[in-house]
Colleague: 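Structure incoming, see below.
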Amino acid sequence: MFTAQLEHIITSEHLHQAFEAINQNALGLDEISYRSFQESLHVKLDELRDSVLQGIYVPEPLKKIEIDKPNSDETRSISLGSIKDKIIQRALNDALKNHFEETFSDKSYAYRSDKSTINAINRTQEFLNQKLHIVLKTDINNFFENINHDKLLQSLENKISDKRIIKLIALFFQTGGFFKYDFLDHALGVHQGDILSPLLSNIYLDLMDKFLEKKNIAFVRYADDFVLFFKTKEEAFPVKEELENFLKLLDLTLGEDKTSIVHLNEGFTFLGVCFEGKTKTIENERLHKSFSKLHKIAAKKESFLLFIKSLNTYMLTCKNYYLKIIPKNSTQFELFQQNFIEATAQKIYLSKQNDKIKTKKAFKLHLASLPWYLFFAEDEIKDKIELMVNKGVEKYLSTKSYLKTNKAKIEKKKNHYAKQFAKITTLHVKTKGIMLSIAKNKFVLKEYGKVKNAYAIDTITRIILEGKGFSLSSDVISTCALRGIPIDFIDKNALPYASLVSYKASTTQTIHKQALLLQTQTQLDIAKEFIRGKAKNQINYLKYLDKYHALLKEHITQMSKILNSLKIAKDTNAIMGYEGSISALYWDAIKLILEVPFEGRVTFGAKDIVNSSLNYGYAILYGKVQHCLIQSGVSLHISFLHALDDKKPTLVYDMIEEFRTFIVDRTIISMLNKSEPIKLDKEGFLTEVTRKLIATNIYEKLGSYTMWKKESRKVENIIQTQCYQLSDIINQKDETYKAFIGKY
């Protein structure tokens, strides 16, 4: 009889010890974490102690979850208790277990101190060695879910003198729980996941153990999984029937599908070990599960040193279980050797990818610290480590080569299709007298009443109308507004003069916040960012060109020095001065590498081939940038770099700066130097063929992919992202604003 009183168990000292021993991770229904409970711990533990001793303590309902059963499509219900309930259960368990350990059968091995699975397997072998070769292998059907509460309480009353302890224990197994948002009563069974449940299950089944011992039957039990041993089948069958009748008294039944009476030579499996004749092997399912765990250890995204630590723990587990069962000359032992080599080689390969450990020698030094003698002969260890390292490094070298080659091929193919899509998603009209209308879910171009072309509405993301003399139906405008398709207008000088965009006006709040930034340090910082982005792209482009021309180092050096001085600029005029100096050097450098005449940059009224081409490309880019700014919800007329002008969307002038070089300059200069058919007409304007060619190349550039912030991103999406980031800075949203402000 357990005679200790509740006051001796629920003490401040015992509760503190219990708190330190419980699982710190899983949260109960009250969502109070271990760390949160730790605050003012002594006060909370004293309150908890008092509530229990005063009889007013009630556990929280349990949080019930479903987890997958290993190697099965079925799930198992697990109950998660609150921190305070775990503490009480741990204190009760710690106090009761030593007493009950002395009363339990020595043939019961689950959830007990100094007993383990391997002990149960060895005891099984002992009985087999005694010529008890007839085995009744069985388990109890849904044991944990079928424990009768009244009969469990009766058993506890026979073993515990203080009825308050029994009442407290009963609270835990009677408490129901919530599965999602539905409450489930608990009138039968013990909760899997509760700290007390293993002890209670052993107390309940100890009645069966005593019944078998009284009949002098040899058996080994591990929780509800057990084996009985006999000399003949004639002895086994009556005992099976008697056992079934006894279990009925406990409201339990044997699992029919797992119950059999066999001779040792026929073989049986117990606790993952296959016994057959004189041999013992690990059940294949368990063995492969172990190998899977080994490979998961190797696949973890952790350092090689942490892998060594985890692998050492795994090897010691093998030593204490698998290696005590399987002989070293067996096939299963060879499988362990092979999986160790493969898993370790894989980890070396992954570590080489991260470039944390660079040399073979370093890998060998780390691996030498492991107990390889468990799996390899002493004279083999050095060669096996060499094999692991070589396999891992060779895989890294070969894969690196394959990946690099394949990645380039994939990127090339991806960009090929991206450029094709970009060309067909922009409807660019340049012919006078064209009527743009809608018919049969298509944009239709008509000239003098005759259909020239038709485009599926779903494929078009932008419309550009160049020059004058066009007609638009109201259906076109309505459809474009609903679908967010911008319509941009460009004049004969390649200057954008109007846009029709879907209605997404900037909010009053955003306009207000945007205006409040004017004449502040934040405005100055934003303006610097526009020019810093532009200058960096110009410098990077010149570095690229200098690889082939070797003429531009001086320009690059001077531009970099001026860029470094940008931080001291005190106003936007000073910023524009730095920008002017950098751009002057940039265009001087471009002049050196261009293979066509170019005297310098001209923005308005240009009649030379270079400036005309650049201006035309900027006009196409302008509309894209404007549309992205509108989508981000900012006001186009409040700019941070260029002077405000109520007749012009000056914020577009700000935002376009960063993208001019990468999208337009690189495209036009490449076309000119490759002698593509870029020509002017007699009036000094770009020819129809030239405009179409430039437009196509700019569309392809906008639709192509490039590396940006270590990711492959579509160029037009980068523009949109930058516009959203500007909006976040204006609205002081999230980490974007904090990161931006943190730079200054």
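The model shown is predicted, which means the values in this text are computed figures rather than measured ones. Only heavy atoms go into these numbers, but all of them, side chains included; no hydrogens, no water, no symmetry mates.
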Colleague: Check L48, L45, V52 against K84 for a side-chain contact (heavy atoms from CB on, under 4.5 Å) and give me the one that passes.
Modeller: L48
Colleague: Quick check: closest heavy atoms across A170 and L153, and the distance to 0.1 Å?
Modeller: CB-CD2, 3.7 Å
Colleague: I'd like to know if E39 pairs up with K44 as an ion pair, taking the criterion as any Lys NZ or Arg NE/NH1/NH2 lying under 4.0 Å from an Asp or Glu carboxylate oxygen.
Modeller: no
Colleague: What I want to check is whether the side chains of Q346 and K395 have a donor and an acceptor closer together than 3.5 Å.
Modeller: yes
Colleague: Does the pair E101 and R112 meet the rule for a salt bridge (charged side-chain N to carboxylate O under 4.0 Å, His left out), with working shown?
Modeller: CA-CA 7 Å; E101 277 290 326; R112 298 184 61 187; 3.2 Å; yes
Colleague: For N339, which residues count as a side chain to side chain donor-acceptor pair (under 3.5 Å) partner, sequence neighbours excluded?
Modeller: H295
Colleague: Within 45° of the six-membered ring axis of F275 and under 6.0 Å from that ring's centre, is NZ or CZ of K280 located there?
Modeller: no
Colleague: Are R286 and Y321 close enough that a side-chain donor and a side-chain acceptor fall under 3.5 Å?
Modeller: yes
Colleague: Other residues, nucleotides and ligands only: do more than 12 of their heavy atoms fall within 6.0 Å of CD on Q154?
Modeller: no
Colleague: Could you tell me whether K391 atom NZ has more than 12 heavy atoms of other residues or ligands within 6.0 Å of it?
Modeller: no
Colleague: Is the F226-F219 ring centre distance short of 6.0 angstrom?
Modeller: no
Colleague: Can you find a side-chain donor-acceptor pair between S12 and R49 that sits under 3.5 Å?
Modeller: yes
Colleague: Taking the ring of H16 and the ring of H42, is the distance between their centroids below 6.0 Å?
Modeller: yes
Colleague: Are the side chains of D114 and N119 in contact, using a 4.5 Å heavy-atom criterion?
Modeller: no
Colleague: Centre-to-centre under 6.0 Å for Y222 and Y109, is that the case here?
Modeller: no
Colleague: Rounded to the nearest 0.5 Å, what separation is found between the CD1 atom of I195 and the CD1 atom of I88?
Modeller: 10.5 Å
Colleague: Return each pair, listed once, that meets salt bridge (charged side-chain N to carboxylate O under 4.0 Å, His left out) where at least one residue sits in residues 7-18; pairs must be two or more places apart or across chains.
Modeller: E7-R164
Colleague: For a quick test of reading the model, state the closest non-hydrogen atom pair linking F304 to S351 and the distance between them.
Modeller: CD1-OG, 3.4 Å
Colleague: Would you name the heavy atoms of P59 and T175 that are closest together and state the gap between them?
Modeller: CG-OG1, 3.9 Å
Colleague: Any idea which heavy atoms bring F375 and F340 closest together, and the distance?
Modeller: CZ-CE1, 3.3 Å
Colleague: Start with the C-alpha distance between I166 and I169, add both sets of side-chain angles, then the distance that settles side chain to side chain contact (heavy atoms under 4.5 Å, CB included), and finish with yes or no.
Modeller: CA-CA 5 Å; I166 300 172; I169 293 172; 5.7 Å; no
Colleague: Salt bridge between E31 and K63, side-chain N to carboxylate O under 4.0 Å?
Modeller: yes
Colleague: Apply the test side-chain hydrogen bond (donor to acceptor under 3.5 Å, both in side chains) to residues D85 and S82: give CA-CA distance (whole Å), side-chain angles for both, the deciding distance (0.1 Å), then the verdict.
Modeller: CA-CA 5 Å; D85 298 334; S82 68; 2.8 Å; yes
Colleague: With side-chain hydrogen bond (donor to acceptor under 3.5 Å, both in side chains) as the criterion, how do N122 and K324 come out once you've worked through the C-alpha distance, each side chain's angles and the decisive distance to 0.1 Å?
Modeller: CA-CA 9 Å; N122 290 339; K324 291 184 176 180; over 6 Å; no
Colleague: Would you call E285 and K289 a side-chain contact if the rule is heavy atoms closer than 4.5 Å?
Modeller: no
Colleague: May I ask you to check whether F173 and H149 place their ring centres under 6.0 Å from each other?
Modeller: yes
Colleague: Would you call K151 and D251 a salt bridge, using N to O less than 4.0 angstrom?
Modeller: yes
Colleague: Check this for me: K163, atom NZ, are more than 12 non-hydrogen atoms of other residues, nucleotides or ligands nearer than 6.0 Å?
Modeller: yes
Colleague: Could you check whether any side-chain heavy atom of L27 comes within less than 4.5 Å of a side-chain heavy atom of I83, counting everything from C-beta outward?
Modeller: no
Colleague: Would K360 and E386 count as a salt bridge (charged side-chain N to carboxylate O under 4.0 Å, His left out) if you check the C-alpha gap in whole Å, the side-chain angles of each, and the deciding distance to 0.1 Å?
Modeller: CA-CA 9 Å; K360 288 184 177 182; E386 184 83 24; 5.6 Å; no
Colleague: Are N148 and Y204 side-chain neighbours, meaning at least one heavy-atom pair lies under 4.5 Å?
Modeller: yes
Colleague: Within the supplied structure, the quantity of interest is the number of heavy atoms (other residues, nucleotides, ligands) at a distance under 6.0 Å from K167 NZ; does it exceed 12?
Modeller: no
Colleague: I134 versus H263: any side-chain heavy-atom pair under 4.5 Å?
Modeller: yes
Colleague: Looking only at heavy atoms, what is the nearest atom pair of Y57 and L168, with distance?
Modeller: CD2-CD1, 3.7 Å
Colleague: Would you tell me whether K64 and S79 have side-chain atoms, one donor and one acceptor, within less than 3.5 Å of each other?
Modeller: yes
Colleague: Within a radius of less than 6.0 Å around NZ of K159, do more than 12 heavy atoms belonging to other residues, nucleotides or ligands occur?
Modeller: yes
Colleague: Locate the shortest heavy-atom distance separating N265 from G277; write the atom from each residue and the value.
Modeller: OD1-CA, 3.7 Å
Colleague: Report the C-alpha separation of T103 and D206 in whole Å, then their side-chain angles, then the decisive distance to 0.1 Å, and conclude whether the side-chain hydrogen bond (donor to acceptor under 3.5 Å, both in side chains) test is met.
Modeller: CA-CA 9 Å; T103 67; D206 187 59; 5.0 Å; no
Colleague: Between K115 and D106, does the salt bridge (charged side-chain N to carboxylate O under 4.0 Å, His left out) criterion hold? Intermediate values first, please.
Modeller: CA-CA 9 Å; K115 288 185 180 289; D106 68 340; over 6 Å; no
Colleague: Are N129 and Q125 close enough, and set up right, to give a side-chain hydrogen bond (donor to acceptor under 3.5 Å, both in side chains), and what steps lead you there?
Modeller: CA-CA 6 Å; N129 292 342; Q125 188 62 57; 2.9 Å; yes
Colleague: Is there side-chain contact between R123 and E126, with at least one heavy-atom pair below 4.5 Å?
Modeller: yes
Colleague: If you count every heavy atom of other residues, nucleotides or ligands that lies below 6.0 Å from Q54 atom CD, does the total exceed 12?
Modeller: yes
Colleague: When you measure from the side chain of H288 to the backbone N and O of S290, does any donor-acceptor pair fall under 3.5 Å?
Modeller: no
Colleague: For Q130 and F229, run side chain to side chain contact (heavy atoms under 4.5 Å, CB included): C-alpha distance rounded to whole Å, both residues' side-chain angles, the deciding distance at 0.1 Å, then the answer.
Modeller: CA-CA 10 Å; Q130 295 171 19; F229 303 92; over 6 Å; no
Colleague: Roughly how far, to the nearest 0.5 Å, is CG of N25 from CG of N23?
Modeller: 5.0 Å
Colleague: Between W372 and E380, is any pair of side-chain heavy atoms under 4.5 Å apart?
Modeller: no
Colleague: Examine Y34 together with F19 and report whether their ring centres are nearer than 6.0 Å.
Modeller: yes
Colleague: Under the salt bridge (charged side-chain N to carboxylate O under 4.0 Å, His left out) rule, what do D225 and R221 come out as? Steps first, then yes or no, please.
Modeller: CA-CA 6 Å; D225 194 6; R221 181 175 68 81; over 6 Å; no
Colleague: Should H366 and F307 count as side-chain neighbours, where that means a heavy-atom distance under 4.5 Å?
Modeller: no
Colleague: Backbone N or O of L196 within a donor-acceptor pair of the D194 side chain at under 3.5 Å?
Modeller: no
Colleague: I'd like to know whether NZ of K210 has more than 12 heavy-atom contacts from other residues, nucleotides or ligands below 6.0 angstrom.
Modeller: yes
Colleague: Would you say the ring centroid of F336 lies under 6.0 angstrom from that of Y322?
Modeller: yes
Colleague: Run the side chain to side chain contact (heavy atoms under 4.5 Å, CB included) test on I87 and F37 for me, step by step, so that the C-alpha distance in whole Å, both residues' side-chain angles and the decisive distance to 0.1 Å come before the verdict.
Modeller: CA-CA 11 Å; I87 293 170; F37 196 93; 3.6 Å; yes
